[in-house]
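Here the structure comes first, spelled out in structure tokens, and everything after it is commentary.
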Amino acid sequence: MPALDSPRNSSNNHNRMKQLTIVVKPFCAEAVLRAIQDMEVIACVVREAKGYSRQKGYLDRYVETEYSAAFLPKVEISVWVSDQRVDEVAERIVRTARTGRIGDGKIFALHMTWPDALEF
């Protein structure tokens, strides 16, 4: 295992990674996972989530009564990819998940401090 301070101080950028956090509607999750499975994704984590953004929730009907749902069901997919592939992966995700309706999803990109995952 590398010394814990060596990756942070390294000026070697060829091994840099980014974490893409993708938030999509549940019916899009399988399609997104299929779209990225052959794109050299280093790791992937999938979670069920609830949240809102611009759509802010909606009104629904349950047993003839309207109620407000503040948080909508979503799926959060986190993937780690090399800096060289991040744009290509993000574009493929957008092409796969976009329906043109509000609330399709979001992608957040984070720089990783370590060039590789620390395995234990």
Side-chain angles (χ1 to χ4, degrees):
M1 177 173 11
L4 292 179
D5 61 348
S6 62
R8 288 184 182 177
N9 297 328
S10 173
S11 62
N12 184 0
N13 288 330
H14 74 280
N15 283 335
R16 294 288 179 196
M17 287 191 305
K18 283 204 171 103
Q19 175 185 342
L20 294 179
T21 300
I22 305 119
V23 181
V24 294
K25 292 180 177 179
F27 70 87
C28 291
E30 288 295 325
V32 168
L33 291 169
R34 278 193 306 275
I36 63 174
Q37 77 183 28
D38 63 339
M39 298 208 59
E40 298 177 25
V41 169
I42 296 165
C44 178
V45 174
V46 179
R47 301 185 252 300
E48 291 182 6
K50 290 185 179 189
Y52 66 88
S53 184
R54 284 188 305 158
Q55 78 274 13
K56 303 290 187 217
Y58 60 97
L59 284 177
D60 206 349
R61 294 189 71 76
Y62 178 72
V63 191
E64 308 269 334
T65 304
E66 281 191 352
Y67 67 96
S68 175
F71 296 102
L72 301 173
K74 302 288 182 179
V75 173
E76 180 182 318
I77 303 168
S78 295
V79 295
W80 290 264
V81 296
S82 68
D83 270 352
Q84 295 83 12
R85 305 286 315 263
V86 72
D87 290 335
E88 180 183 0
V89 171
E91 287 171 15
R92 183 175 286 185
I93 292 166
V94 169
R95 280 195 315 269
T96 302
R98 178 175 281 155
T99 66
R101 302 189 69 192
I102 193 166
D104 275 347
K106 294 202 180 303
I107 299 176
F108 302 94
L110 302 169
H111 294 282
M112 296 288 86
T113 303
W114 304 100
D116 291 311
L118 296 175
E119 295 186 21
F120 55 93

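Residue numbers run from 1 in the order of the sequence given. What you see is a predicted model; the values in this text were computed from it and never measured.
In this view, T96 satisfies the side chain to side chain donor-acceptor pair (under 3.5 Å) rule with no residue, not counting sequence neighbours. Every residue meeting the side chain to side chain donor-acceptor pair (under 3.5 Å) condition with D104, not counting sequence neighbours, appears here in chain and number order: T99. Residues passing the salt bridge (Lys or Arg N to Asp or Glu O under 4.0 Å) test with E88, sequence neighbours excluded: R85.
As a member of the Ile/Leu/Val/Met/Phe/Trp/Tyr network built from side-chain separations under 4.5 Å, F108 groups with V23.
Listed by first then second residue, pairs satisfying salt bridge (Lys or Arg N to Asp or Glu O under 4.0 Å) with a partner in residues 22-37 number zero, not counting sequence neighbours.
Both L20 and M39 are members of a single hydrophobic cluster when ILVMFWY side chains are connected at heavy-atom separations under 4.5 Å. There is a path of hydrophobic side-chain contacts, each under 4.5 Å, that joins V94 to V24. Two different hydrophobic clusters hold V79 and M17 under the rule that ILVMFWY side chains link at heavy-atom gaps under 4.5 Å. Side-chain heavy atoms closer than 4.5 Å link hydrophobic residues (I, L, V, M, F, W, Y) into clusters, and following such links, even through other members, never connects W80 to V86.
Closest approach of P73 to P26, counting heavy atoms only: O-CD, 3.4 Å. Counting all heavy atoms, side chain and backbone alike, Q19 lies closest to S78 at NE2-OG, 3.6 Å.
In this structure, D83 CG and K18 NZ are separated by 4.0 Å, a value rounded to the nearest 0.5 Å. Rounding to the nearest 0.5 angstrom, the gap separating the CD atom in E40 from the OG atom in S82 is 7.0 Å. The CD1 atom of I36 sits 6.0 Å away from the CD1 atom of I77 when rounded to the nearest 0.5 Å. If you take SG on C28 and NZ on K74, they are separated by 9.0 Å, rounding to the nearest 0.5 Å.
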Please test D87 against R92 for salt bridge (charged side-chain N to carboxylate O under 4.0 Å, His left out), starting from the C-alpha separation and ending with a verdict. CA-CA 9 Å; D87 290 335; R92 183 175 286 185; over 6 Å; no
Residue pair R95, I93: steps toward the side-chain contact (heavy atoms from CB on, under 4.5 Å) verdict: CA-CA 6 Å; R95 280 195 315 269; I93 292 166; over 6 Å; no
For a quick test of your reading: what N or O donor-acceptor pairs under 3.5 Å do the side chains of residues 41-49 make, sequence neighbours left out?
unit_1: R47; atom_1: NE; unit_2: E76; atom_2: OE2; d: 3.4
unit_1: R47; atom_1: NH2; unit_2: E76; atom_2: OE2; d: 3.2

